[in-house]
S.K.: 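Okay, handing you the structure first.
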Amino acid sequence: MQDIADITPLVASLNPAQKEAVTAPPEHRLVLAGAGSGKTRVLVHRIAWLITVENVSPLSVLAVTFTNKAASEMRGRIEQLITVPIRSMWVGTFHGIAHRMLRLHWKEAGLVQNFQILDADDQVRLVKRVLKALDMSDEQWPPKAVTHWINAQKEEARRPQHMSDLGDYTQRQYVRVYTAYEEACTKSGVVDFAELLLRAFEITRDNPEIQAHYRRRFRHVLVDEFQDTNTLQYAWLKVLAGDTGTMFAVGDDDQSIYSWRGARVENMVRLEKDFPGTEVIRLEQNYRSTGTILKAANGLISKNTNRLGKNLWTDGGDGEQIQLYASYNEYDEAEFVANRARELLDGRCRYSDLAILYRSNAQSRVLEEILIRARIPYRIYGGLRFFERQEIKDALAYLRLLHNRDDDTSFERTVNTPARGIGATTMEKLREISRASGVSLWMAAKNASSQLGRSAGNMGQFLKLIDDLHAETRDLPLSKATELLIARTGLRDHYRKEKGEQAEARLENLDELISAARSFEVDPGAASAAENPDEPVLDPLTAFLTHAALESGEEQAGPGEDCVQLMTLHAAKGLEFPVVFIVGVENGLFPSARAIDEGNLEEERRLFYVGITRARRKLYLSYAEVRRVHGVEQIGAPSMFLKEVPAECVSETRPRAGILRPGFGAREPQSGYGGGYRGAGSGGGYGGSAAGRPLPRTVVAGSSGLGPGGFRLGQRVEHPKFGEGTILSFDGDGDRAQIEVKFRDAGTKRLVLGFANLRGL
DNA sequence: CTTATTGGGCTTTTT
DNA sequence: GCCCAATAAG
């Protein structure tokens, strides 16, 4: 029996709804947790409650998240809350848990014991090679699209052998690639991300012992970000829980922003049907944002239909109005952000209190440029991550090849990196041999070196290098082995010779890899402490490679200290900042042109909702009247979503009245915006003009888009040779003035205006 | 085989 | 406008 004192810290700090969720009897629950309503808190406290009050063993708990970050945060917070050791508890990502099962049951899953994981990049490369082997052209069958199709099939748990031929040629070809791709994976002993989930699902569904074992074990299944589960993940959860396990799912349909990668919000409704007795608990009290920000968010999201329904509230104050800034262009917009940032930083803000959110990554470039000039330190999230870097993947491919010679993906990557005289022709020959004899590239190279002509010697050296390295490293600790490999394969010299500061960074990354390997070396003292049949024992190399595949690591850009945070709206989900700037709030950008085209506005609206609710105290929105998109200046209109934000929440700022908008493309921003309208952001403007009413325009009639030669942007023109077209942009002035025209038949051309002989239509 | 050049493409992203 | 990948030239 637990005494009262034990449970106080578990519930004392919770509001009634949170308390209801945490202390609910062990039955199915769906927690609709609004933004900033303490979702993670409820999940963590629920697990702690089950263990300390309901006397549930940590072994009986399965807690699933989407990201490694969320999983480790959850584990850490539970550990802080209770004294019971939870080392044996399965807390992890869908993929991490699937992987764990497959390591334990590799035989039943039909895998080889030392299977490796293919990342998204590797997968596309492999699909590409399969396409080539099937004589299907890259053009007609874009590898990325084919890969996407294969993954979509896997997410619906469809195997090629189950797919009926509907007499559709395209379908037939797709199935052909899918089949060949699967064979290639099996032959190489690799699985892609979707395959991890699919195999784990299949053994849980089809293997009675495995099913019984996990159902007996996992009495409590808890899922975070439930609105992001895809069909396969849901099916797996269902088959895991069976009718003995209880589901505790936490999610927010209003924050469903990943339907394009397979997430199915409908799973929230299905849960209620599939798990009888599921009670829904709503968390609507928000602890993050001001009343004004919540009002804006609520107003916006109420325009969506098919919501499960929720209204955020706070018992805090209204706070400040949301500032909306109408900028001339993206440089002016960035200046506005930098100016406001500087003002805030003079006050009580640290750099890291500020976040700049945008719809697409391309928008970060201009912001970066301006922030550098303003000497404001920043950090961009969402670049290349550590284990995705070229040099790191090179080194890892060698490690994988040492581990398994039949790993063709790694063979292809390493064989001529660094260059050792094994070119495309040789590899083409080798692939043909391997295809014909049905063996891996490695075996083919071993057996048929005589058929490789002039490169046979080089190939022989490569094979020997791998064999020698294997012998030399087999008894070394992993970090030493990695170090030796990087030196002996010539990778280090290869990158040393590369010029530029990039090379420097690459060498540092290789060193970083060596020290990362060190943390996977077995520590003989701690290892055998608790041998659990439910914990796979991985050799250091496998553990290291798995870590690299499943946790691609923090992205390395910039110093980790006090910085302004730049990221996409998608990347911001789950985070919060005292001050948030959302830039580029324009039709065509946000909502994106494609979303408008396809009528997918609800998800874009949710994305805006996510963005707004990231802000604690201050929120700035901005849009540009003109923006360069894919190198072409485009006139934008404020986002349709702005009209949906209650007018009283917003006050609008404009560049100082009376200053004309600069002529389109008359000057490049560097020189153009420096003089004319610098400091526009801090200028007076006129507040109070609420979003929703027509926005006053400072444009002087007729000046809009007027370029050299009297032509206007978007004007229809005729060229003696190219025919009719539309003006896309102007560049420069005087004799050198250029004009970019999109012709109806001749494509887009850049012409010198003086010679173009254009006639306006 | 390496290096320079051209051409296409282009939301969002975790594992 | 920028980045990648596929081609052409060295």
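None of the values given here were measured: they were computed from a predicted structure. Below, chain A is the first sequence line, B the second, and so on; all start at residue 1.
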S.K.: Would you classify Glu604(A) as touching base, sugar-phosphate or nothing, given that sugar-phosphate means primed atoms plus P, OP1 and OP2, and contacts are heavy atoms under 4.0 Å?
M.R.: base
S.K.: Ala549(A) or Ile257(A): which one's nearest nucleotide on DNA chain B is closer to the 5' end?
M.R.: Ile257(A)
S.K.: For dC10(B), take OP1 and OP2 only and decide whether either is under 4.0 Å from a side-chain N or O of Arg594(A).
M.R.: no
S.K.: Just how far, in rounded Å, is C1' of dG1(C) from CD of Gln363(A)?
M.R.: 14 Å
S.K.: Report the relative orientation of the aromatic rings in His547(A) and Phe387(A); use parallel for angles under 30°, tilted for 30 to 60°, perpendicular for over 60°.
M.R.: perpendicular
S.K.: Does Ser592(A) reach a base, just sugar-phosphate, or nothing at all? Heavy atoms under 4.0 Å.
M.R.: base
S.K.: Would you find a donor on one side and an acceptor on the other, under 3.5 Å apart, between the side chain of Gln363(A) and the backbone of Ser360(A)?
M.R.: yes
S.K.: Below the 4.0 Å mark, does dT14(B) have OP1 or OP2 next to a side-chain nitrogen or oxygen of Arg385(A)?
M.R.: yes
S.K.: Measuring from the side chain of Arg261(A) (C-beta onward, heavy atoms only), which nucleotide among dC2(C), dC1(B), dT14(B) has the closest atom?
M.R.: dT14(B)
S.K.: Looking only at the side chain of Lys128(A) (C-beta and beyond, no hydrogens), which of the listed nucleotides dT11(B), dA5(C), dT15(B) gets closest?
M.R.: dA5(C)
S.K.: Can you tell me if the side-chain N/O atoms of Asn151(A) get under 4.0 Å from OP1 or OP2 in dT15(B)?
M.R.: no
S.K.: To the nearest Å, give me how far apart CG (Asp121(A)) and C1' (dT15(B)) are.
M.R.: 14 Å
S.K.: Of the candidate nucleotides dT12(B), dT15(B), dT13(B), which contains the atom at the shortest distance from the side chain of Ala571(A)?
M.R.: dT13(B)
S.K.: For Asp597(A) and dT12(B), give me the distance from atom CG to atom C1', rounded to whole Å.
M.R.: 16 Å
S.K.: Remember a base hit wins even if backbone is also touched, and classify Ala98(A) as base, sugar-phosphate or nothing at under 4.0 Å, heavy atoms.
M.R.: nothing
S.K.: Give the nucleotide from the list dC2(C), dT15(B), dT12(B) with an atom nearest to the side chain of Glu388(A).
M.R.: dT15(B)
S.K.: Report yes if a side-chain nitrogen or oxygen of Asn68(A) is closer than 4.0 Å to either non-bridging phosphate oxygen (OP1 or OP2) of dT15(B); otherwise report no.
M.R.: yes
S.K.: Examine the side chains of Asp394(A) and Tyr495(A) and answer whether a donor and an acceptor come within less than 3.5 Å of each other.
M.R.: yes
S.K.: Fit a plane to each ring of His570(A) and Tyr258(A), take the angle between them on a 0 to 90° scale, and name the class: parallel (under 30°), tilted (30 to 60°) or perpendicular (over 60°).
M.R.: tilted
S.K.: Can you tell me, in whole Å, how much space there is between the P of dT13(B) and that of dC4(C)?
M.R.: 16 Å
S.K.: Quickly work out the Arg627(A) CZ to dG1(C) P distance and round it to whole Å.
M.R.: 15 Å
S.K.: Among the nucleotides dT11(B), dC2(C), dT15(B), which one has an atom lying closest to any side-chain atom of Ser360(A)?
M.R.: dT11(B)
S.K.: Please report, rounded to the nearest Å, how far the C1' atom of dT12(B) is from the OH atom of Tyr358(A).
M.R.: 12 Å
S.K.: By nearest heavy atom, map Asn600(A) and Gly423(A) onto DNA chain B; which one lands nearer the 5' end?
M.R.: Gly423(A)
S.K.: So Asn361(A), base contact, sugar-phosphate only, or nothing? Heavy-atom distance under 4.0 Å.
M.R.: sugar-phosphate
S.K.: Return the nearest nucleotide to the side chain of Phe193(A); candidates are dT15(B), dT13(B), dT11(B).
M.R.: dT15(B)
S.K.: Check whether any side-chain N or O of Arg389(A) sits under 3.5 Å from a backbone N or O of Leu384(A) as a donor-acceptor pair, and report yes or no.
M.R.: yes
S.K.: For the pair Glu388(A) (side chain) and Arg385(A) (backbone), establish whether a donor and an acceptor sit closer than 3.5 Å, ignoring hydrogens and angles.
M.R.: yes
S.K.: Rounded to whole Å, how long is the line connecting atom CD of Glu330(A) with atom P of dC2(C)?
M.R.: 12 Å
S.K.: Can you see whether Phe115(A) has Arg103(A) sitting over its ring - NZ or CZ less than 6.0 Å from the centre and within 45° of the normal?
M.R.: yes
S.K.: Counting side-chain heavy atoms from CB outward, which of dC1(B), dT15(B), dT13(B) is closest to Thr67(A)?
M.R.: dT15(B)
S.K.: How long is the line joining CG of Leu197(A) and C1' of dT14(B), in whole Å?
M.R.: 11 Å
S.K.: Touch check for Ile422(A), heavy atoms < 4.0 angstrom, all strands: base, sugar-phosphate only, or nothing?
M.R.: sugar-phosphate
S.K.: Rounded to the Å, how far apart are Met567(A) CE and dT14(B) P?
M.R.: 12 Å
S.K.: Using the six-membered ring for Trp and the full ring for Phe, Tyr or His, decide whether Trp260(A) stacks on the six-membered base ring of dT12(B) (centres under 5.5 Å, planes under 30°).
M.R.: yes
